[in-house]
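To start, the structure itself, in structure tokens.
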Amino acid sequence: MPREVLVEARERRGPIGRAIKSVFWTFQLLMLLGGLGTCAAVGPFVTGPDPEVAAGAGMFGVLALGAIWTLWPLGTLVLGLLLLATRGRKRFIPLPPAGKA
């Protein structure tokens with residue numbers, strides 16, 4: 001007699017899992033926009049005629065991007081682990097025999 005065929009499936013995320021998933025993707029979007037926005041905001045000042053303003057803008061840009069590049073991986077790690085922890089449970093569903101559809 002042939003063995004029963006099992007199909008692996010996952011349940012849907014619960015409400016907390018869906019909230020964590022939306023926080024994860026919002027965080028990714030904010031970090032990306034923060035990095036691009038810093039470059040866009042600092043650019044005109046760095047290329048300006050005043051060397052003191054250019055130096056100050058450069059230092060601000062380095063500090064801002066350094067903070068973003070530090071927070072982004074750490075936040076991704078923490079939120080990613082929470083995202084994995086709140087996945088739906090794995091279920092194994094038996095398929096009906098081929099002759100009994």
Side-chain angles (χ1 to χ4, degrees):
M1 183 161 141
R3 294 180 63 189
E4 186 176 45
V5 177
L6 298 176
V7 176
E8 181 181 326
R10 286 213 175 262
E11 292 181 359
R12 289 190 57 187
R13 291 180 187 272
I16 294 174
R18 286 192 296 272
I20 289 175
K21 188 174 183 179
S22 65
V23 168
F24 175 82
W25 288 112
T26 303
F27 176 77
Q28 298 301 317
L29 181 66
L30 287 176
M31 290 290 109
L32 178 65
L33 291 176
L36 294 175
T38 299
C39 292
V42 169
F45 295 103
V46 171
T47 59
D50 190 1
E52 292 173 350
V53 171
M59 286 190 292
F60 169 76
V62 167
L63 286 173
L65 287 176
I68 288 173
W69 288 346
T70 301
L71 291 176
W72 198 344
L74 294 176
T76 298
L77 179 68
V78 170
L79 290 172
L81 289 174
L82 287 173
L83 199 63
L84 285 174
T86 58
R87 286 189 300 181
R89 283 185 280 191
K90 188 186 296 186
R91 298 285 185 194
F92 292 102
I93 302 169
L95 284 180
K100 297 182 181 181

Would you tabulate the side-chain donor-acceptor contacts of residues 48-75 under 3.5 Å, counting partners in other chains and residues two or more places apart, or write 'none'?
from, atom 1, to, atom 2, distance (Å)
D50, OD1, E52, N, 3.3
T70, OG1, G66, O, 2.8
W72, NE1, Q28, OE1, 2.8

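Closest approach of G88 and R10 over heavy atoms only: O-NH1, 2.8 Å. Closest non-hydrogen pair, A41 versus P44, comes out as O-CD, 3.6 Å. Residues L79 and V23 share a closest heavy-atom pair of CD2-CG1, 4.1 Å.
The CG atom of L6 sits 8.0 Å away from the CG atom of L95 when rounded to the nearest 0.5 Å. Rounded to the nearest 0.5 angstrom, L77 CG and L81 CG are separated by 5.0 Å.
There is no path of hydrophobic side-chain contacts, each under 4.5 Å, that joins W25 to L33. One hydrophobic cluster, built from ILVMFWY side chains closer than 4.5 Å, cannot hold both V46 and L36; they sit in different ones. Follow the hydrophobic side-chain contacts under 4.5 Å out from V42 and you never reach M31; the two are in separate clusters. One hydrophobic cluster, built from ILVMFWY side chains closer than 4.5 Å, cannot hold both L32 and L30; they sit in different ones.
Residue pairs meeting the side chain to side chain donor-acceptor pair (under 3.5 Å) criterion with at least one partner in residues 55-65, sequence neighbours excluded, are absent. Sorted by first and then second residue, the side chain to side chain donor-acceptor pair (under 3.5 Å) pairs involving residues 53-64 (not counting sequence neighbours) form an empty list.
Counting heavy-atom neighbours within 6.0 Å of F45 CZ, excluding the residue itself, gives a total of 12 or less. Around CZ of R12, the count of heavy atoms belonging to other residues, nucleotides or ligands within 6.0 Å does not exceed 12.
Panel note: side chain R13, backbone A19; no donor-acceptor pair is recorded below 3.5 Å.
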